[in-house]
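Quick one: the structure is below, and I'll ask about it shortly.
All values below were derived from every heavy atom in this structure, side-chain atoms included, with hydrogens, water molecules and symmetry-related copies excluded.
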Amino acid sequence: MTLWSAIALASVICLALKVTGYLVPPCLLEAPRPARIADLLTVALLAALVSVQTLGVGQQIVVDARVPAVLVAAGLLLLRAPFLVVVVAAAAVAAALRWWGLAV
């Protein structure tokens, strides 16, 4: 299977899943339990994505400048700082740690 065939197949599968979602009756989705599961699943997936992108390099767990940067970003978000400030501060922390040779 060529790369383009795999991409086309994945696109068709994604489209089929999306269409299937529209075919589910609204009464099933508006029930409290599925709504709560969907909310929790979204948070869990986002947390997993942040963890993998922060700590993962290939098959290894690596603690480098990204970890303190994410901690600074989390702290600023808890303090309700504007998102642009959070991003710039986290990038500055990572850059400073790399500049000073304290992290890779």
Side-chain angles (χ1 to χ4, degrees):
M1 181 184 293
T2 66
L3 177 63
W4 287 110
S5 299
I7 291 172
L9 179 63
S11 299
V12 168
I13 291 171
C14 288
L15 181 64
L17 283 172
K18 187 168 185 136
V19 169
T20 303
Y22 285 119
L23 297 176
V24 174
C27 63
L28 292 177
L29 298 176
E30 293 171 357
R33 191 172 194 179
R36 180 76 176 142
I37 290 171
D39 288 343
L40 292 176
L41 188 61
T42 303
V43 172
L45 288 173
L46 182 59
L49 176 65
V50 169
S51 300
V52 167
Q53 291 297 313
T54 301
L55 298 172
V57 173
Q59 296 293 321
Q60 299 176 346
I61 295 176
V62 177
V63 177
D64 58 7
R66 294 176 291 180
V67 175
V70 168
L71 292 174
V72 166
L76 289 172
L77 286 172
L78 286 174
L79 294 173
R80 307 266 187 219
F83 186 70
L84 185 59
V85 172
V86 172
V87 171
V88 170
V93 166
L97 289 173
R98 288 180 175 144
W99 177 266
W100 293 325
L102 298 175
V104 180

Joining Ile, Leu, Val, Met, Phe, Trp and Tyr whenever any side-chain heavy atoms lie under 4.5 Å apart, the cluster holding Leu97 also takes in Val72, Leu76, Leu77, Val86, Val93, Trp99, Trp100, Leu102

Straight-line distance of Thr54 OG1 to Asp64 CG, nearest 0.5 Å | 9.0 Å

Where Ala65 and Arg98 come nearest, the two heavy atoms and their spacing = CB-NE, 3.7 Å

Below 3.5 Å, can you tabulate the donor-acceptor pairs from side chains in residues 27-40 to any protein atom, sequence neighbours excluded?
none

Transitive ILVMFWY side-chain link Leu71 to Val50, under 4.5 Å = no

List the atom pairs, with distances to 0.1 Å, where a side-chain N or O of residues 3-23 and a protein N or O form a donor-acceptor pair under 3.5 Å, not counting sequence neighbours.
unit_1: Ser5; atom_1: OG; unit_2: Thr2; atom_2: OG1; d: 2.9
unit_1: Ser11; atom_1: OG; unit_2: Ile7; atom_2: O; d: 2.9
unit_1: Thr20; atom_1: OG1; unit_2: Ala16; atom_2: O; d: 2.7

